[in-house]
Amino acid sequence: MLRLGFLASLIFVPAVSGAVHTPHAIPYTFRREGVLGTSLDLTFVTTSSADARRAESVALAEIERIRLLTSTWDSTSEVSRLQRVGRLDAASPELREVLNLYQSWGDRTGGAYTAQIGVLTTLWKGAEQRGEPPSPEVLAALVTSLRQPAWQIDPQSAAISMLRPTRLDLNSLGKGYIVDRAVQAVREQVPGVVGGLINIGGDIQTWGEAPAGAAAWRIGVTDPRRHADNAPPLTEVTVGNAAVSTSGGYARGFTIAGQHYSHIIDARTGLPVNRVLGVTVIAPDNATANALATSLSVLDPVEGLALVRSVPGAECLLMTAAGETIRSPGFARYEVAEPVASMTPARAVEATMAVDVTPANYNRHRPYVAAWVTDTTGKHLRTLALWGDRPKYLRELSKWWGLESTSPEVVNAVARATRPAGKYTIEWDGLDQANAPVAAGAYMFWLEVAFENGAHSLRSVVVTCENTPATGMMTATDAFAGAQVDCVYKK
C-alpha cells in the first residue's frame with residue numbers, strides 16, 4: 001500500500017465517523033523542514049484557504065517568538081543571555097513558565113528529568129569524539145552537581161538568577177510548550193480554523209474538528225524496533241483535543257567504539273538509558289505529553305506507569321528493551337479495533353535507504369519525494385515511499401509517475417521520535433508490488449525529489465543484494481543532499 005506523507009513513528013489519518021461538522025470545511029496541510037532543527041507538519045480544517053494560510057503564518061510566528069526565548073542553541077535567545085550573564089531582570093513569563101515546569105517535573109521524577117541535562121549531553125558528545133565513554137569519576141561528579149538547584153525565580157520582580165554555572169537544555173519540554181503556544185495562537189487569532197493539528201518533530205497537539213467528517217484524529221504508532229519512515233504502524237489511536245508525544249533512542253544518539261548509546265540520559269546516573277525502546281504518551285497538552293514521554297524513557301516501567309496514573313487524562317504505551325509492550329490501563333480506549341499488520345514479518349531482503357533532503361536554507365516547504373525499486377532492466381518492482389502535500393502535484397515526480405498506476409492513500413500529518421531536519425530512512429523487505437519475494441541479485445534503487453516551482457532531481461544506484469552486505473551511494477543534487485543504500489539477502 002502506498003502512503004502519501006512522511007510516514008514515521010506516529011502517522012495521522014482521519015478516523016471515520018458520522019459526527020456533524022462545519023459545512024465544506026476541508027483540511028489544508030503545510031509541511032516544512034528545518035523548524036527547531038526538525039520537521040514541522042500543520043493541518044488546519046477550515047472553509048477558507050486564506051484562513052489556512054493565515055494560520056500557517058500565525059503558527060510559524062509564534063514558534064519563532066518562543067524559540068527566541070527558550071532556545072539554548074541560539075546565542076541571542078533569552079535563556080542563552082541568562083546563562084551568559086547569570087541574571088535576567090523582568091524575564092519573560094514564557095521562560096519563567098518553562099523553567100517552573102522543568103522544576104516541577106524534576107521533583108515528580110526524583111531528578112530523572114531535568115533542564116540541566118545539557119552538561120551530560122555535552123560530555124557524551126565529547127566521549128563520542130574521543131572514542132571512549134566518560135570515566136565513572138567524571139560522571140559521579142556531574143551527577144552530584146545536578147542534584148543542586150541551578151536557578152532561582154523571584155515571583156515579585158520576575159527576575160531569574162543562575163545559582164551556579166551549568167548548561168541548560170530546554171529542548172524536551174520546551175518543544176512541547178512551543179507546540180501548545182502555537183495552537184493557542186492559531187485558535188485565538190484565526191477563528192475561521194475550526195480544527196487542526198500541529199506536529200513538531202514528534203510532538204503533536206490536536207484540537208477541534210478532524211478532516212473528512214471524522215470524530216477524531218487517527219494516529220498510528222510505530223514499533224521502535226522497525227522505525228523506517230515507510231514502515232506500517234504497530235497500532236493506531238484516535239484522539240481529539242489532546243496531545244500525543246513519542247520518545248525513543250532509535251532516532252538519535254552517540255556511537256562510541258561501534259556501540260550505539262541513546263541520546264536520552266538518566267540525570268541520576270549520567271548514563272544513556274536502554275531499558276525502554278520507545279514511549280508514546282497521550283495527554284491533555286503537549287508540554288505534559290512531552291515531559292511524560294521523556295521521563296518514561298528514563299524511569300523503570302513500574303515507576304513510569306505510576307507517574308502516568310498521577311496525571312489526569314494521561315495514558316501511555318511503552319516497549320521495553322526486551323520487546324515487551326506495556327500499556328497504561330486506559331490506553332486501549334484510544335486504540336482502533338481494526339487489526340494492524342505485524343511489524344516483524346519474515347523478510348527476503350533487508351534494504352535501507354538513508355535519504356538526506358536537508359534544505360539549503362532552513363524553514364522551507366518540504367519537497368515531493370518518490371523512492372522505488374526496479375530490476376536492472378528498469379522493470380518496476382515496488383514503490384517504497386511517496387511523500388508530498390497535494391496529490392495533484394505528484395505528476396512533478398515525472399519518472400515515478402510514468403511507472404506507478406496505483407492510487408496513493410493520503411496521510412495528512414506525521415510525527416515520530418525527534419530527528420534532525422531532512423534525515424529519513426526508507427526500507428525494502430524484498431517484496432514486489434504483488435507481495436511476492438524477489439530472488440537474490442542486483443536491483444536498482446531510485447530516488448526522485450521535486451520542489452513546487454523549484455529544483456527537480458533524479459538519482460539511481462544499482463546494489464547487489466546477496467548474502468554479503470553491499471552499499472551504494474547516490475550523489476548530491478540541487479534538490480537533495482544524497483542517499484546511501486545498504487542491502488543484504490536474508491534467505
Side-chain angles (χ1 to χ4, degrees), residues 33-39 67 70-77 79-84 98 102 106 111-148 150 162 164-175 200-203 224 227 246-278 290-291 293-295 297-298 321 354 356 358 362 416-425 481 484:
E33 290 288 356
V35 177
L36 303 184
T38 186
S39 56
R67 185 193 71 82
T70 62
S71 173
T72 53
W73 294 95
D74 188 335
S75 62
T76 67
S77 73
V79 69
S80 292
R81 294 198 307 273
L82 170 64
Q83 293 186 95
R84 189 164 53 249
V98 169
Y102 264 105
Y113 188 76
T114 176
Q116 299 185 63
I117 202 70
V119 294
L120 289 170
T121 301
T122 300
L123 178 70
W124 280 92
K125 285 181 178 178
E128 184 176 42
Q129 294 173 352
R130 293 192 309 273
E132 60 180 11
S135 71
E137 294 77 17
V138 170
L139 285 175
L142 277 180
V143 167
T144 298
S145 71
L146 296 183
R147 297 190 186 117
Q148 306 303 314
M162 295 300 296
R164 57 186 177 79
T166 189
R167 181 176 178 81
L168 300 178
D169 184 339
L170 308 184
N171 295 327
S172 172
L173 187 148
K175 183 151 61 67
I200 304 179
D203 296 308
H227 49 82
T246 291
S247 180
Y250 54 83
R252 292 180 293 160
F254 317 103
T255 301
I256 301 175
Q259 181 176 349
H260 175 79
Y261 294 85
S262 171
H263 72 286
I264 302 171
I265 302 173
D266 187 341
R268 300 169 300 179
T269 65
L271 297 172
V273 291
N274 60 9
R275 64 169 60 95
V276 174
L277 295 179
N290 190 290
T294 304
S295 296
S297 297
V298 175
D356 187 347
T358 304
Y362 270 10
R416 55 163 292 139
T418 305
R419 58 176 164 209
K423 311 288 188 180
Y424 296 91
T425 302
Q484 175 176 314

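The basis for the numbers below is simple: all heavy atoms, side chains too, and nothing from hydrogens, waters or symmetry mates. A quick note: this is a predicted structure, and the numbers were derived from the prediction, not measured.
- Remark: the backbone N or O of Ser172 is paired with a side-chain donor or acceptor of Asn290 at under 3.5 angstrom.
- Counting non-hydrogen atoms of other residues, nucleotides and ligands closer than 6.0 Å to CZ of Arg167 gives a total of 12 or fewer.
- Proximity of a side-chain donor or acceptor of Ser77 to a complementary backbone N or O of Ser71 within less than 3.5 Å is detected.
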Q: Please lay out, stage by stage, how Tyr102 and Ile117 fare under the test side-chain contact (heavy atoms from CB on, under 4.5 Å).
A: CA-CA 11 Å; Tyr102 264 105; Ile117 202 70; over 6 Å; no

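- The nearest pair of heavy atoms linking Gln83 to Leu168 is OE1-N, 2.7 Å.
- Minimum interatomic distance between Gly131 and Ala257 (heavy atoms only, all atoms of both residues): O-CB, 4.1 Å.
- Considering all non-hydrogen atoms of both residues, Leu120 and Leu146 come closest at CD1-CD1, 3.6 Å.
- Between Ser297 atom OG and Asp266 atom CG the span is 11.0 Å, to the nearest 0.5 Å.
- Annotation: side chain of Ser262 is not in contact with side chain of Asn274 (no heavy-atom distance under 4.5 Å).
- Contact record, Val98 with Thr70: CG2-CG2, 4.2 Å, taken as the closest heavy-atom pair.
- Residues Met162 and Leu82 have side chains in contact (heavy-atom distance under 4.5 Å, counting atoms from C-beta outward).
- Side-chain contact check for Leu170 versus Trp73: every heavy-atom pair is 4.5 Å or farther apart.
- Contact check for Val276 versus Ile264: no side-chain heavy atoms found under the 4.5 Å cut-off.
- Using a 4.5 Å cut-off on side-chain heavy atoms (C-beta onward), Tyr261 and Ile256 make contact.
- Distance alone, capped at 3.5 Å, is enough to place a donor-acceptor pair between the Ser145 side chain and the Leu142 backbone.
- With rounding to the nearest 0.5 angstrom, the CD atom of Glu128 is 9.5 Å from the NE2 atom of His260.
- Leu173 and Ala291 get closest at one heavy-atom pair: CD1-CB, 3.8 Å.
- Looking only at side-chain heavy atoms (C-beta outward), Leu139 and Thr269 stay at 4.5 Å or farther from each other.
- Contact annotation: the side chain of Val298 approaches that of Arg268 to within less than 4.5 Å [non-hydrogen atoms, C-beta and beyond].
- Here the shortest heavy-atom pairing between Lys125 and Phe254 reads CG-CE2, 3.6 Å.
- Using a distance-only test at 3.5 Å, with no hydrogens or angles considered, no donor-acceptor pair links the side chain of Ser80 to the main chain of Thr76.
- Here the straight-line distance linking atom CG of Asn171 with atom OG1 of Thr38 works out to 11.0 Å at 0.5 Å rounding.
- We find the CZ-CD1 distance between Arg67 and Ile200 to be 11.5 Å, quoted to the nearest 0.5 Å.
- Proximity of a side-chain donor or acceptor of Gln116 to a complementary backbone N or O of Ala267 within less than 3.5 Å is not detected.
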